[in-house]
Undergrad: 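A single structure is presented below for examination.
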Protein chains: 2
Amino acid sequence: MAANNRISEVVIRRLPLYYRHLESLEKSGVTRISSAELGEQIGLTASQIRQDINFFGAFGQQGYGYNVRELKTHLAGILGLDRGYHMIVVGVGNIGRAILNYQSFYDRGFRIQALFDANPALHGTRLRGIPVAPADTLEAYLSKHAVDIGVICTPREFAQQTADILVAGGVRAIWNFAPVQISVPPQIPINHVHLTDSLLVLSYKLAHSEQAALPSEEDF
Amino acid sequence: MAANNRISEVVIRRLPLYYRHLESLEKSGVTRISSAELGEQIGLTASQIRQDINFFGAFGQQGYGYNVRELKTHLAGILGLDRGYHMIVVGVGNIGRAILNYQSFYDRGFRIQALFDANPALHGTRLRGIPVAPADTLEAYLSKHAVDIGVICTPREFAQQTADILVAGGVRAIWNFAPVQISVPPQIPINHVHLTDSLLVLSYKLAHSEQAALPSEEDF
DNA sequence: TAGATTGTTAATCGATTAACAATC
DNA sequence: TAGATTGTTAATCGATTAACAATC
């Protein structure tokens with residue numbers, strides 16, 4: 001599906017935005033939309049939206065625009081949401097639990113099969129119905145189960161070794177929340193979520209915003 | 001500090017990476033580094049690094065490179081980390097707690113003063129020493145305390161109204177974790193953390209990776 | 001000093017926007 | 001059909017890379 005050859009990263013990163021917005025349009029009962037309307041709603045130009053979509057195919061219709069449900073379905077396919085994914089989460093501290101609680105992941109086909117944690121108090125318990133196994137049983141688990149996405153929510157010092165075990169065990173992609181750089185073989189897609197980076201960008205904007213000039217250092 | 005006029009977003013988003021890397025170099029005892037070495041280590045060209053840094057000033061020295069500690073200090077200033085920020089977190093579910101547990105935010109000057117939650121069981125308790133107040137006391141709290149950054153970790157349906165209260169109460173920037181689009185006045189910097197987007201990008205990459213062609217649909 | 005490496009300008013590359021013929 | 005809006009090519013804009021003189 002999809003003429004995928006070398007789509008640029010900036011385009012790929014806009015796809016989830018398109019997808020989310022189409023989902024919400026569909027929920028509101030909107031059945032068709034033009035690139036101009038869509039652009040206005042999500043803050044992009046109509047040109048850019050048409051360009052982006054046309055990297056993958058001609059899903060619109062001249063004189064009409066796009067069928068919301070149809071375009072959404074195409075995007076789901078392009079994003080790989082038309083298949084199911086098996087996920088495991090290693091480390092069920094707060095971030096691990098936050099992910100577990102995201103119902104929308106489940107709805108989009110991302111199924112968490114198992115949880116792993118070093119804390120013995122959690123072993124044998126279930127969180128949201130999913131069993132928590134000892135972290136040192138991860139390797140054995142992977143030898144018996146096919147896992148698509150491994151989510152790393154361990155403390156930073158265990159992140160790399162966890163990634164190594166995941167990759168050796170055949171996990172096909174890594175989603176890393178540990179605040180440390182992790183290296184994996186180049187064919188394994190990996191996404192890092194650096195919360196700190198997001199906060200520092202916000203800090204930059206705050207420090208350089210108009211308002212920033214006015215208030216004094218500390219007013220507490 | 002800093003010739004800040006209209007630095008492009010892509011440059012700004014690289015600053016935290018530079019900063020984090022310099023921190024780690026400093027910890028390892030590295031005192032000087034050239035743009036070529038730095039580029040190799042973080043995967044950018046030497047040219048790009050020099051360009052990025054020079055938007056803010058000439059912090060290097062010909063024939064020598066950059067002094068790690070000095071450049072880090074400059075970047076801290078540029079990012080606004082040389083001042084302290086007062087933060088509050090609204091909603092202390094898993095994401096709220098995860099943020100609370102990020103020691104590194106505290107170390108960089110982001111101080112969480114207060115927590116708010118709708119759950120009565122939490123009222124009057126403390127998490128990591130920080131008191132949890134009822135969500136409906138947020139407005140009163142803001143009338144008495146100056147807050148720089150408001151972190152929204154509420155369920156999606158309360159996110160916009162929380163943002164409205166924060167902005168009306170004088171909060172200067174918003175960090176939003178609720179999976180919904182929030183609107184605030186244009187002068188208020190806002191950063192959205194969309195975990196779903198990150199997962200969908202990973203899904204895209206997995207669906208279009210080399211390996212993806214080989215395995216069958218479901219092998220479980 | 002000679003060697004190294006920055007700061008900065010110029011050249012290239014890629015992404016966005018504009019324009020318009022095709023067509024529903 | 002006439003009007004609307006896509007798909008797509010061309011023009012513009014911006015970001016990255018290359019090059020090199022300045023200088024430590």
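Here is how names work: the chains are called A, B, and so on, in the same order as the sequence lines, proteins then strands, and each is numbered from 1. Since the model is a prediction, treat every value here as computed from it, not as a measurement. What you see below is based on every heavy atom in this structure, not just the backbone, and it leaves out hydrogens, waters and symmetry mates.
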Undergrad: Which residue pairs pass the salt bridge (charged side-chain N to carboxylate O under 4.0 Å, His left out) test with at least one member in residues 52-63 of chain B, sequence neighbours excluded?
TA: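 Output for this query lists Arg14(B)-Asp52(B).
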Undergrad: Rounding to an integer number of Å, can you tell me how far Leu44(B) CG sits from dT17(D) P?
TA: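 To the nearest whole Å, that distance equals 8 Å.
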Undergrad: Give the minimum heavy-atom separation between Ala163(A) and Val184(A), together with the two atoms involved.
TA: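 Scanning both residues completely, I find the closest heavy atoms to be CB-CG1, 4.2 Å.
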Undergrad: Nearest-Å distance, CD1 (Ile49(B)) to P (dT5(C))?
TA: 14 Å
Undergrad: Measure all distances between protein nitrogen or oxygen atoms and nitrogen or oxygen atoms of nucleotides 20-23 of chain D, and list the pairs falling under 3.5 Å.
TA:
none

Undergrad: Apply side chain to side chain donor-acceptor pair (under 3.5 Å) to Asn101(A) and list each qualifying residue two or more places apart in sequence or on a separate chain.
TA: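 Result, side chain to side chain donor-acceptor pair (under 3.5 Å) vs Asn101(A): Arg128(A), Asn94(B).
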Undergrad: Hey, what do you get for CG (Leu38(B)) to OG1 (Thr45(B)), rounding to the nearest 0.5 Å?
TA: 10.5 Å
Undergrad: Is any side-chain heavy atom of Ile149(B) less than 4.5 Å from a side-chain heavy atom of Leu199(A)?
TA: yes
Undergrad: Nearest whole angstrom, please: distance from the P of dG7(C) to the OH of Tyr64(B).
TA: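 Tyr64(B) atom OH is separated from dG7(C) atom P by 13 Å.
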Undergrad: Below 3.5 Å, can you tabulate the donor-acceptor pairs from side chains in residues 55-66 of chain A to any protein atom, sequence neighbours excluded?
TA:
none

Undergrad: Are Tyr66(B) and dG7(C) close enough that a side-chain N or O sits under 4.0 Å from OP1 or OP2?
TA: yes
Undergrad: Only pairs at least two apart or in different chains count here, so list each ring pair (Phe, Tyr, Trp, His ring centres under 6.0 Å) that has a residue in residues 148-184 of chain A.
TA: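 Non-adjacent pairs meeting ring pair (Phe, Tyr, Trp, His ring centres under 6.0 Å): Phe105(A)-Trp175(A), Trp175(A)-Phe177(A).
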Undergrad: By the side chain to side chain donor-acceptor pair (under 3.5 Å) test, which pairs, at least two apart or in different chains, include something from residues 180-190 of chain A?
TA: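 Applying side chain to side chain donor-acceptor pair (under 3.5 Å) to every pair that reaches into residues 180-190 of chain A, excluding sequence neighbours, yields nothing.
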Undergrad: Please report, rounded to the nearest Å, how far the P atom of dG7(C) is from the CD atom of Gln61(B).
TA: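 So the two atoms are 9 Å apart, to the nearest Å.
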Undergrad: With the criterion being N/O to N/O and under 3.5 Å, what pairs connect the protein with nucleotides 12-16 of chain D, and how long is each?
TA:
from	atom 1	to	atom 2	distance (Å)
dT16(D)	OP1	Arg14(B)	NH1	3.1
dT16(D)	OP2	Arg14(B)	NH2	3.1
dT16(D)	OP2	Gln48(B)	NE2	3.4
dT16(D)	O5'	Gln48(B)	NE2	3.1

Undergrad: Please identify each residue that fulfils ring-ring contact (aromatic ring centres under 6.0 Å, His included) with Tyr106(A), with sequence neighbours left out.
TA: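 None.
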Undergrad: Suppose the criterion is salt bridge (charged side-chain N to carboxylate O under 4.0 Å, His left out): which pairs have a residue in residues 70-80 of chain B, not counting sequence neighbours?
TA: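 Residue pairs with at least one partner in residues 70-80 of chain B: Glu26(B)-Lys72(B).
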Undergrad: Can you list, by residue number, the residues of residues 16-35 of chain A that have a non-hydrogen atom closer than 4.0 angstrom to DNA chain D?
TA: Arg32(A), Ser34(A), Ser35(A)
Undergrad: Could you tell me the separation between the OG1 atom of Thr162(A) and the CD atom of Gln160(A), rounded to the nearest 0.5 Å?
TA: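 Reported to 0.5 Å precision, the distance equals 9.0 Å.
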Undergrad: I need the full list of ring pair (Phe, Tyr, Trp, His ring centres under 6.0 Å) pairs touching residues 14-48 of chain A, with sequence neighbours left out, sorted by first then second residue.
TA: none
Undergrad: If an axis is fit to five pairs at each end of the helix from dG3(C)-dC24(D) to dC24(C)-dG3(D), what is the angle between the two, to the nearest 10°?
TA: 20°
Undergrad: Of all heavy-atom pairs between Ser203(A) and Leu81(B), which one has the smallest distance, and what is that distance?
TA: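 Shortest heavy-atom separation between Ser203(A) and Leu81(B) comes out as OG-CD2, 3.9 Å.
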